[in-house]
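Take a look at the structure set out below.
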Amino acid sequence: MNVTRAMGAAMRRIHVGNALSAFGLGFTVPYLYVYVAQVRGLGAMTAGLVLAVFAVAALIVLPFAGRAIVRRGPLPVLVAALVTAAVGALSLGLAGSAASVLLSAAALGAGQAVMQPALATMIVDCSSADTRSRAFAMQFFLQNLGLGVGGLIGGHLVDTTRVSSFTLLFAIEAAMFLLLVGVLATVRMPHSPRLADAPAGSAKGSWKQLLGNRAMVQLSVLGFVIFFACYGQFESGLSAYGVEAAGISTSALGTALAANTLMIVVAQFAVLKFVERRRRSRVIAAVGLIWAVAWLAAGYAGLGHGSREMATAAFVSTYALFGLGEAMLSPTVAPLVADLAPEGMAGQYNSAFALVKQLALAVGPAVGGPLGASLPGPYIVTFLLFSLGITVLALWLGRRLTAVQDRPWLARGTRVVTRGGASTGPVPADA
């Protein structure tokens, strides 16, 4: 009972931390381009490089973050990431040259990237098989709520004619990260397996072990397609398609983004009740079909011959349907990554999956942006096929999972799910 109470207390602080970090990011991320290009007068090229530096920094640090989490535990790694991000945010608000802006962005991007797997591993360590899906659903809910509220408040604070307003914005973001250090520094994490005594050279072995886990490799491929076909298109290809092909106004685009967030906030826990007792592989497969419908709605918005109002409604529906799919994935994919990891390796697996996500988010806009703006028909067909591919890959993955990994409620009442293994026999069909 005391262990359960300690886990619950730690989880509450972790959720507060998630909300604070998302709030801080929501403050600045939507305004980075404007700040660098216009407010600091460094031009569109430098602003584009800043966004690229975020992705590159994440790709550099994530392969090492997993090993650090495994060896040292998620909390020390998270604190280091938060301090790094705070320094990056504060220096970004004070930077006046291209070099200082890029160095600050690298620190902020590296810190942000490491936060994700560290927080995810803390959630794994503080949850049991039957509470993990709800814990990750709460994390996703608070992240979106924090981003939305942060962006809304930040939008009212910034003034493109005053550099000081942006300096204040980045200072508040840094303060959020440091406040999170204070919130989490006293968290008593439950004991979980560590590889502290493993030789330093065994890092290569752990990556070899991960790549030898066929279910994890298949999930990583599936994750890349998910992030490439959805998240990687939100603010690049899909928005370019909406403006160029569908003639959507910028205000309508803002409404569509708000509809996505609102769908997640409103539907998250109703959806959770639906997915908790359904096979994870089939939930992911269903998301692929929902997103296929979303791309059809986007196709109608830009390629149909309806009125402007109908096109706008269809485009907003696209973002709302994406939000519904995201709400279904949040209690499904992250817990599955954790359940595939052998004991003590959750940090490594979370970091590997975060690396896959960053790769998809780097490639997605580069491919989708030009395609959505110049070739609207092929753009819709391409990502409609990617969505259907999610369904196929999810069903394929389901054949690789053990019964408990695919249907975690079978482990209800136990502390640990059978982890890291592949299915040794046929999985019984659902009733």
Side-chain angles (χ1 to χ4, degrees), residues 7 10-22 25 58 61-82 85 110-129 131-144 146-147 177 180 183-184 187 189-190 192-194 206 210 213 216 219-220 222-224 226-227 231 268 272 280 326 329-361 405 408 416-417 419-420:
M7 288 169 62
M11 185 67 77
R12 284 191 291 274
R13 294 201 177 196
I14 293 167
H15 286 324
V16 170
N18 268 305
L20 287 173
S21 63
L25 293 176
V61 299
L62 281 171
F64 302 99
R67 188 62 184 168
I69 293 170
V70 168
R71 291 178 63 86
R72 304 297 181 190
L75 187 54
V77 174
L78 177 60
V79 169
L82 288 167
Q112 288 177 10
V114 176
M115 285 181 213
Q116 299 176 36
L119 282 166
T121 305
M122 290 176 73
I123 290 175
V124 172
D125 288 347
C126 293
S127 62
S128 58
T131 63
R132 195 162 293 146
S133 292
R134 186 165 293 273
F136 276 104
M138 177 62 79
Q139 179 201 33
F140 191 66
F141 170 83
L142 290 173
Q143 282 178 342
N144 280 274
L147 285 169
F177 293 141
L180 179 50
V183 169
L184 294 179
V187 169
M189 292 295 296
S192 58
R194 297 276 174 263
S206 64
L210 187 151
N213 186 331
M216 182 60 192
L219 179 59
S220 297
L222 174 58
F224 182 89
I226 286 172
F227 293 117
Y231 299 86
Q268 181 64 83
L272 178 63
R280 285 168 168 167
E326 291 174 77
L329 289 176
S330 63
T332 306
V333 175
L336 179 55
V337 173
D339 290 345
L340 286 173
E343 282 298 315
M345 293 293 292
Q348 183 91 45
Y349 277 56
N350 283 325
S351 294
F353 199 73
L355 180 63
V356 168
K357 178 180 179 180
Q358 288 295 331
L359 283 170
L361 294 181
Q405 287 167 349
V416 180
V417 177
R419 302 169 76 177

Leu180 CG to Leu78 CG distance, which is reported to the nearest 0.5 Å: 6.0 Å
Over all heavy atoms of both residues, which pair between Val124 and Ala338 is shortest? Give the atoms and the distance, please. CG2-CB, 3.3 Å
State the CE-CZ distance between Met11 and Arg132, to the nearest 0.5 angstrom. 8.5 Å
4.5 Å side-chain heavy-atom contact, Tyr231 and Lys357: no
For the student: nearest non-hydrogen atoms of Ala113 and Val61, plus distance: CB-CG2, 4.2 Å
Side chains of Ile123 and Asn18: does their closest heavy-atom pair fall under 4.5 Å? yes
I'd like to check Phe227 versus Gln358 (side-chain heavy atoms, cut-off strictly below 4.5 Å). Are they in contact? no
Would the distance check show the side chain of Ser21 and the main-chain N or O of Gly17 forming a donor-acceptor pair, the cut-off being under 3.5 Å? yes
Residues in side chain to side chain contact (heavy atoms under 4.5 Å, CB included) with Leu329, at least two apart? Ile226, Ile284, Val287, Trp291, Val333
Name all residues meeting the side chain to side chain contact (heavy atoms under 4.5 Å, CB included) criterion together with Ala334; count only those two or more places apart in sequence or in a different chain, and write none if there are none. Phe136
First locate atom CD of Gln405, then atom CG of Leu219, and finally report the distance between them rounded to the nearest 0.5 Å. 10.0 Å
Got Asn350 and Ile69 here, is their nearest side-chain heavy-atom distance under 4.5 Å? no
Could you tell me whether a side-chain N or O of Ser133 sits under 3.5 Å from a main-chain N or O of Pro331, the two making a donor and an acceptor? yes
About how many Å separate CZ of Arg67 and CZ of Arg72, when rounded to the nearest 0.5 Å? 10.5 Å
Measure across His15 and Ala135 and return the closest heavy-atom pair with its distance rounded to 0.1 Å. CE1-O, 3.2 Å
Closest approach of Leu147 to Ala22 (non-hydrogen atoms, all atoms of both residues): CD2-O, 3.4 Å
Under a 4.5 Å cut-off applied to non-hydrogen side-chain atoms, are Gln268 and Ser330 in contact? yes
Donor-acceptor under 3.5 Å (Arg13 side chain, Leu184 main chain): no
For Ser220 versus Val356, what's the shortest heavy-atom pair and its separation? O-CG1, 3.3 Å
Reported CZ-to-CG distance for the pair Phe353 and Leu62, which is rounded to 0.5 angstrom: 12.5 Å
Looking at Gly73 and Pro76, what are the two nearest heavy atoms and their distance? O-CD, 3.4 Å
Does the side chain of Asp339 come within less than 4.5 Å of Arg280's, by heavy atoms? yes
Output for pair (Gln139 CD, Gln116 CD), nearest 0.5 Å, gives 9.0 Å
